Amino acid sequence: MNEDLDRFKRQLTAHLDWFSERGRKVRFWWRDDDAIEPTPDLERLLTLANSHQVEVALAVIPKDATQALADRLQDERYAVVLQHGWQHRNFQDKSKGEKAAELGSRRNLDDLLPQLREGKARLDDLFGQRFVPAVVPPWNRIAPAVIRALPDLGLTGLSTFTWMHFPRDLSGLTQVQSHVDIIKWKKQRRFIGWESARLRFDLQLTRRRTNPQEPLGILSHHLAHDEGCYEFLDAFLGIAAHHPGAEWPHVADLFRGK
């Protein structure tokens, strides 16, 4: 066996044993971004969710979402849908060193908010009860003014990629963050590697010993996966989806603050 893989499995199991021995559980959830239509990679993702019986929250791009995707998910027990902005288009100024964002500071709210409202209506229509009214900002970036406007649009959840929560005085908005991105994006796009995965989970699981209620979010992008990503998901879920020291709350419940 790959030594790094073996070390990852042993350390993940040891962490979860620690929780189980104390009658506690780590709360996990899984978010996957950029879905618009059925693809072979989506099939592999859904197969993993079904075989390990854990929900995957698909962040769907409303403008490009297809009826074919809605049809494919119709009978899926372990798939829910979140709103991935409106069109996954960058509006920031890269020439000024600004990082990519669709829901960023460059947007006129009079243009943006109707798009988000239309996106919510489209996902409601396509996916019905499977749709959880939570926004996943493309590139995980969102301006404070946009955050404040979400509850009035009926979008009561928010998920980005950070340890930090936005100010807690935002009435009607529940944040559920992602913490471990399994893809190395720069240069050669690929799985982050077993040692990097081990270190990231070691940090996050250690934090859960004193912050047990915060769900630990796994972030994937099925359209960008290499074989290493799928190998990781199967190995990780093979432990974390079945261990008595772990639990996987329903995504809809997480975004209700439960």
Side-chain angles (χ1 to χ4, degrees), residues 4-5 8-9 12 26-61 64-65 69 72-73 76-85 88 100 130 132 134-141 157-163 176-201 203-205 215-242 246 248-252 254-255:
D4 287 343
L5 168 59
F8 171 84
K9 287 183 172 182
L12 175 60
V26 179
R27 306 172 80 212
F28 288 101
W29 80 294
W30 177 14
R31 195 186 98 202
D32 183 272
D33 290 0
D34 301 341
I36 58 172
E37 61 187 352
T39 66
D41 284 296
L42 182 62
E43 289 300 321
R44 293 186 71 175
L45 201 79
L46 294 173
T47 296
L48 285 166
N50 281 286
S51 63
H52 294 289
Q53 299 182 350
V54 298
E55 282 187 337
V56 57
L58 299 173
V60 174
I61 303 169
D64 299 321
L69 179 62
R72 174 61 187 85
L73 297 181
E76 278 296 328
R77 180 177 179 183
Y78 296 106
V80 299
V81 169
L82 310 178
Q83 180 170 341
H84 204 23
H88 211 300
R130 190 177 301 278
V132 177
V135 168
V136 176
W139 295 282
N140 290 296
R141 300 185 183 103
L158 175 65
S159 179
T160 63
F161 180 76
T162 176
W163 294 1
V176 185
Q177 305 291 46
S178 58
H179 304 90
V180 178
D181 187 343
I182 70 171
I183 295 178
K184 177 183 181 293
W185 291 98
K186 294 182 179 180
K187 297 182 180 179
Q188 292 181 332
R189 188 177 67 190
R190 57 175 175 80
F191 169 52
I192 57 175
W194 291 108
E195 182 63 6
S196 290
R198 183 187 69 80
L199 292 172
R200 295 179 195 193
F201 276 97
L203 173 61
Q204 293 297 333
L205 289 166
L216 200 169
I218 314 306
L219 178 58
S220 63
H221 291 72
H222 64 278
L223 295 174
H225 284 183
D226 63 359
E227 285 300 313
C229 291
Y230 290 112
E231 291 171 3
F232 164 80
L233 288 170
D234 195 33
F236 166 72
L237 293 171
I239 297 172
H242 309 282
W248 293 75
H250 290 298
V251 173
L254 291 177
F255 280 102

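Predicted model only: the values in this text are computed from it and were never measured. Counting from 1, the numbers follow the sequence of the chain as shown.
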Practice item. Answer yes if the ring centres of W30 and Y78 are under 6.0 angstrom apart, and no otherwise. Key: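 Ring-ring flag for W30/Y78: false, centres at least 6.0 Å apart.
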
Check your understanding: For H221 and D181, does a side-chain donor sit closer than 3.5 Å to a side-chain acceptor?
Key -> no

Looking at every non-hydrogen atom in both residues, tell me the closest pair between [X] and [Y] and how far apart they are.
X    : Y    : value
S178 : W29  : N-CZ2, 4.4 Å
F191 : C229 : CB-N, 3.7 Å
R198 : E195 : NH2-OE2, 2.6 Å
A235 : K9   : CB-CE, 3.9 Å
A240 : A246 : O-CB, 3.2 Å
Y230 : L48  : CD2-CD1, 4.0 Å

Rounded to the nearest 0.5 Å, how far does [atom2] of [Y] lie from [atom1] of [X]?
X    : Y    : atom1 : atom2 : result
E37  : L223 : CD    : CG    : 8.0 Å
Q53  : R77  : CD    : CZ    : 6.0 Å
F255 : H250 : CZ    : NE2   : 15.0 Å

Using atom types as modelled and distance alone, determine if a side-chain donor or acceptor of [X] lies under 3.5 Å from a backbone N or O of [Y].
X    : Y    : result
K187 : R189 : no
Q83  : V135 : no
S159 : V176 : yes

Exercise for review: Please determine if E227 and R44 form a salt bridge, counting it only when a charged side-chain N lies under 4.0 Å from a carboxylate O.
Suggested key: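 Salt bridge flag = yes for R44 with E227.
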
Review point. Charged N to carboxylate O under 4.0 angstrom, R72 versus E43?
Key: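 Looking at R72 and E43, the cut-off is met.
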
Review point. Can you tell which of D41, D32, D33, D34 makes a side-chain hydrogen bond (donor to acceptor under 3.5 Å, both in side chains) with H222?
Key: D32

Practice item. Under the side chain to side chain contact (heavy atoms under 4.5 Å, CB included) rule, what do V136 and F161 come out as? Steps first, then yes or no, please. Key: CA-CA 9 Å; V136 176; F161 180 76; over 6 Å; no

Is any side-chain heavy atom of [Y] closer than 4.5 Å to one of [X]?
X    : Y    : result
L205 : L12  : yes
L58  : H84  : no
F232 : I192 : no
D234 : H52  : yes
R31  : V251 : no
H225 : L233 : yes
I182 : F236 : no

Check your understanding: Once the angle between the rings of W194 and F8 is folded into 0 to 90°, is it parallel (under 30°), tilted (30 to 60°) or perpendicular (over 60°)?
Key -> tilted

Exercise for review: Inspect the surroundings of NE2 in H242 and state if more than 12 heavy atoms from other residues, nucleotides or ligands are less than 6.0 Å away.
Suggested key: yes

Review point. With respect to W248, which candidate in V26, L254, L237 satisfies the side chain to side chain contact (heavy atoms under 4.5 Å, CB included) definition?
Key: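 Of V26, L254, L237, side chain to side chain contact (heavy atoms under 4.5 Å, CB included) with W248 is met by L237 alone.
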
